Every structure is written in structure tokens, then in C-alpha cells.
Engineer: 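Sending over a structure as C-alpha cells; questions will come in a sec.
These figures come from a predicted structure and were not determined experimentally. Numbers for residues simply follow the sequence, beginning at 1.
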Amino acid sequence: MKYKSPKSQQHLTYNLQDLRYDLLRGYLKVKVLRAGTSAASSSKGELPCSPNATMLPTGKVALCPGVNNRMKGCKGKKVVDVVGKMGYKSPKGQLVYNVRDLKYDLLRGYVKVKLLRAPPASKATTVARGRKSQPAMKVMKTTKAMKAPRSRAASAPTAKAETPNDVPNATSAKSSTSSSSTKGELPCSVYCVMRPTGKLAKCPGINQRMERCNGKRVQEVLNKLEYSSPKGSLTYSAQDLKYDLRCGYLEVLAPNSIPWR
């Protein structure tokens, strides 16, 4: 970046020494953006919903023509593609859609957001019609032939190998039982994947924890994830999980919906 200096009347390039001086004198402050957030969303606060949610106008007509213009432009688009990028015409001139506009439209009922669900996982073996069904039948016959009758000696209980879908490790199983016993039994498995539904809550703490738990497993969030609320900094508990599921702010997916880390 180049700027004009009043002393030399020349255009200088902003360097590291200038940055240190501005930070030391208090002329400037820096802010680290989290992963998945844009500069437009951080300038006016955090997004009130998931950035991948689809914006759907409700059809409510506003008195201000600028609101009606931006409702036409954001129809069917994702939040991340609209905030800080979409321009619209208003009585004040040509403006850019920001986070403050999104919060206003959601609060007034001009727009609603919807988080599209992921397509269901395809089955391992599908029987097609016509000639394509013959290879599938051969595979089924071979698998039946491989299964030989077991004797009583062979059918004795043996140690079952633990898979990632069953129990990842012993420590996580102990932690899940201890966390579930603090507030009663959990409403789902600790290996289920958490995904927000896109429903907007009046409490900002609920919206913040929905954004942070997106795509994570229950055992990664329970008693570990911290979020800010009007009461202060809190930790996500089993009671919060039951409340979010009951009110429709959150839904859980099968443990094998995302690969293990």
C-alpha cells in the first residue's frame, strides 16, 4: 500500500516499521479472523446464521424500495455469496449488502434462511435393472458361498476388533460416559455429527454455538466447546444439546457421515 507523506510530499510504501509504530501509538489494531469467516462479516459483527445457508425472501413488501431491491437480488443465493459482495440500489445510493442488513431482514421477516441437507449416503450394493443386475447377483452368490457353517467350537466368543465407527479409543469412551452422567443420558450417540438447521434464535449465544459446532462430533463439543452468552463465557453441556435438539436449532447425523480424523 502506498500513501502520501506530508513531510517529503512523496508517495511512500507502507512497511513493517510503519505497522509497528501505528500499533505502538494506538492508531491501529489488528484482529485475527477465524476460519470460514470473511472480512465483510467481521466488520459488522458475526453472521447470525450459517454462511452456507440459502436465503429465501418471504414475500413481505417493505416501505423502503432498497429493501425490496435487495430481496430480489438475494433470492436463492447463499449467505456467503451475498454478504459483502451483492450490491443493490437504495434511496441513499448504490450500497453493498452487509451483516447489519442481513440481521435487519431476518428480524423484520423479509427473508428467511434454510440450510440444505446433505444427500443421503448411497448404499454399498444396489441391484440395477436389466443386464446390470447380473454382476450384483454373482457377488451375492459368492458371498453366500464364502459363509461356511460354523461349529460349536468355532462359534465361541472371541475378541472383536474395534473399528473407528464403534469405539475410537478408550479415553473418549470414558469421557463420554462421565459427561453423560453429569446431566443424565445423552439423546444421541457421542459419535454423531452435529449440524445446525439454520433456525435463528433470539439469544446470540445459541447462534454462536451453532456456528462453532457445525460438522463436529458430539464428543468433540460436549464439555469442551466454549461460547459467549449474556451470562458470560459458558461451556457446551448435555443440557444445551438436549435444548438445541428439542427447539430445532440442531440436528445430528450418523457417525459415518464424515470421515474420522
Engineer: Run Cys49 and Leu102 through side-chain contact (heavy atoms from CB on, under 4.5 Å) and show every step you take.
Structural biologist: CA-CA 10 Å; Cys49 59; Leu102 175 61; 4.3 Å; yes

Engineer: Closest heavy-atom contact between Lys78 and Pro51?
Structural biologist: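 Nearest heavy atoms, Lys78 then Pro51: CB-O, 4.2 Å.
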
Engineer: Backbone N or O of Arg108 within a donor-acceptor pair of the Lys60 side chain at under 3.5 Å?
Structural biologist: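 Pair found, side chain donor or acceptor close to backbone of Arg108.
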
Engineer: Is Thr235 reaching over with its side chain to a backbone N or O of Lys224, donor-acceptor style, under 3.5 angstrom?
Structural biologist: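 No, because the side chain of Thr235 does not come within donor-acceptor range (under 3.5 Å) of the backbone of Lys224.
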
Engineer: My understanding is that only one of Asp22, Asn15, Leu23 makes a side-chain contact (heavy atoms from CB on, under 4.5 Å) with Leu19; could you say which?
Structural biologist: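 The side-chain contact (heavy atoms from CB on, under 4.5 Å) with Leu19 is passed solely by Leu23 among Asp22, Asn15, Leu23.
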
Engineer: Under a 3.5 Å cutoff, is there a donor and acceptor pairing between the side chains of Glu211 and Ser50?
Structural biologist: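 No, no side-chain donor-acceptor contact under 3.5 Å.
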
Engineer: Taking all heavy atoms of Pro255 and all of Val193, pick out the closest pair and write down the distance.
Structural biologist: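 Taking every non-hydrogen atom into account, O-CG2, 4.4 Å.
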
Engineer: For Cys188 versus Leu241, what's the shortest heavy-atom pair and its separation?
Structural biologist: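 Heavy atoms of Cys188 and Leu241 come nearest at SG-CD2, 4.3 Å.
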
Engineer: At what distance, to the nearest 0.5 angstrom, does OH of Tyr236 lie from CE of Met194?
Structural biologist: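 One finds 4.0 Å between OH of Tyr236 and CE of Met194.
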
Engineer: Find out whether the Lys NZ or Arg CZ of Arg209 is both under 6.0 angstrom from the six-membered ring centre of Tyr227 and within 45° of the ring's axis.
Structural biologist: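 Yes, a cation-pi geometry.
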
Engineer: Got a second to check how far Cys203's SG is from Tyr249's OH, nearest 0.5 Å?
Structural biologist: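 Going from the SG atom of Cys203 to the OH atom of Tyr249 covers 8.5 Å.
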
Engineer: Tell me whether the rings of Tyr21 and Tyr27 are parallel (<30°), tilted (30 to 60°) or perpendicular (>60°).
Structural biologist: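 Rings of Tyr21 and Tyr27: tilted, 30 to 60°.
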
Engineer: Please say yes or no: joined through hydrophobic side-chain contacts below 4.5 Å, possibly via intermediate residues, are Met1 and Leu12 part of one cluster?
Structural biologist: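 Shared cluster, yes.
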
Engineer: Find out whether Asp101 and Tyr88 are in side-chain contact, i.e. whether some heavy atom of one side chain is under 4.5 Å from a heavy atom of the other.
Structural biologist: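 Asp101 vs Tyr88: side chains touch.
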
Engineer: So Lys77 and Met55, do their side chains get closer than 4.5 Å, heavy atoms only?
Structural biologist: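 Met55 vs Lys77: side chains apart.
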
Engineer: Same cluster for Met210 and Leu107 if Ile/Leu/Val/Met/Phe/Trp/Tyr side chains link at under 4.5 Å?
Structural biologist: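 Per the 4.5 Å side-chain linkage, Met210 and Leu107 are not co-clustered.
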
Engineer: Kindly compute the distance separating CG (Leu56) from SG (Cys74), expressed to the nearest 0.5 Å.
Structural biologist: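 Nearest 0.5 Å value for the CG-SG distance: 8.5 Å.
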
Engineer: For Tyr110 and Asn68, test the side chains for any donor-to-acceptor distance below 3.5 angstrom and give the result as yes or no.
Structural biologist: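 No, Asn68 and Tyr110 have no side-chain donor paired with an acceptor closer than 3.5 Å.
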
Engineer: Would the distance check show the side chain of Ser233 and the main-chain N or O of Ser228 forming a donor-acceptor pair, the cut-off being under 3.5 Å?
Structural biologist: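 Side chain of Ser233 to backbone of Ser228, a donor-acceptor pair under 3.5 Å: no, none is there.
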
Engineer: Evaluate Leu250 against Cys213 for side-chain contact (heavy atoms from CB on, under 4.5 Å), listing each step before the verdict.
Structural biologist: CA-CA 9 Å; Leu250 179 70; Cys213 72; 4.1 Å; yes

Engineer: With rounding to the nearest 0.5 angstrom, report the NZ to OG1 distance, Lys75 to Thr54.
Structural biologist: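 Going from NZ on Lys75 over to OG1 on Thr54, the span is 13.0 Å.
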
Engineer: Ignoring hydrogens and angles, tell me if any N or O in the side chain of Arg195 forms a donor-acceptor pair with the backbone of Lys216 under 3.5 Å.
Structural biologist: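 No; judged by distance alone, with no hydrogens or angles, the pair does not exist.
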
Engineer: Just checking Gln94: does its CD atom have more than 12 heavy atoms from other residues, nucleotides or ligands closer to it than 6.0 angstrom?
Structural biologist: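 Count over threshold, so yes.
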
Engineer: Looking only at heavy atoms, what is the nearest atom pair of Tyr191 and Arg217, with distance?
Structural biologist: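 Residues Tyr191 and Arg217, closest heavy atoms: O-NH1, 2.9 Å.
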
Engineer: Just by distance, do the side chain of Asp240 and the backbone of Ser237 share a donor-acceptor pair under 3.5 Å?
Structural biologist: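 At least one qualifying donor-acceptor pair exists.
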
Engineer: Take atom OH of Tyr243 as the centre, draw a 6.0 Å sphere, and report whether it contains more than 12 heavy atoms from other residues, nucleotides or ligands.
Structural biologist: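 Counting other residues, nucleotides and ligands, OH of Tyr243 stays at 12 neighbours or fewer.
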
Engineer: For the pair Met86 and Val96, evaluate side-chain contact (heavy atoms from CB on, under 4.5 Å) and give the outcome as yes or no after the intermediate values.
Structural biologist: CA-CA 6 Å; Met86 188 192 76; Val96 179; over 6 Å; no

Engineer: Does Lys103 use its side chain to pair, donor to acceptor, with the backbone of Val99 at less than 3.5 Å?
Structural biologist: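 It does not hold such a pair.
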
Engineer: Work out which heavy atom in Pro48 is nearest to a heavy atom in Leu106; give both atom names and the distance.
Structural biologist: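 What the structure gives for the nearest pair is CG-CD1, 3.8 Å.
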
Engineer: Heavy atoms, side chains only, cut-off 4.5 Å: are Leu47 and Val83 in contact?
Structural biologist: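 Yes, at least one pair of side-chain atoms sits under 4.5 Å.
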
Engineer: Could you go step by step and tell me if Tyr104 and Asn98 meet the side-chain hydrogen bond (donor to acceptor under 3.5 Å, both in side chains) rule?
Structural biologist: CA-CA 10 Å; Tyr104 179 85; Asn98 53 29; over 6 Å; no

Engineer: For the pair Lys4 and Gln10, evaluate side-chain contact (heavy atoms from CB on, under 4.5 Å) and give the outcome as yes or no after the intermediate values.
Structural biologist: CA-CA 6 Å; Lys4 187 176 182 180; Gln10 296 179 357; over 6 Å; no

Engineer: Restricting to non-hydrogen atoms, name the atom on Leu245 and the atom on Pro187 that form the minimum distance, rounded to 0.1 Å.
Structural biologist: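 For Leu245 and Pro187, the tightest heavy-atom pair comes out as CD1-CG, 3.6 Å.
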
Engineer: Does a donor on one side chain sit under 3.5 Å from an acceptor on the other, for Asp105 and Tyr97?
Structural biologist: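 Judged by distance alone, the side chains do pair up.
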
Engineer: Find the distance between NZ (Lys199) and NZ (Lys112) and round it off to the nearest 0.5 Å.
Structural biologist: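 Going from the NZ atom of Lys199 to the NZ atom of Lys112 covers 13.0 Å.
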
Engineer: Could you tell me whether a side-chain N or O of Asn207 sits under 3.5 Å from a main-chain N or O of Ala201, the two making a donor and an acceptor?
Structural biologist: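 Yes, the answer is positive, given that a donor and an acceptor are paired below the 3.5 Å cut-off.
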
Engineer: Side-chain contact test, heavy atoms from C-beta onward, threshold under 4.5 Å: evaluate it for Pro65 versus Ser90 and give yes or no.
Structural biologist: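 Side chain of Pro65 against side chain of Ser90, heavy atoms only: no contact under 4.5 Å found.
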
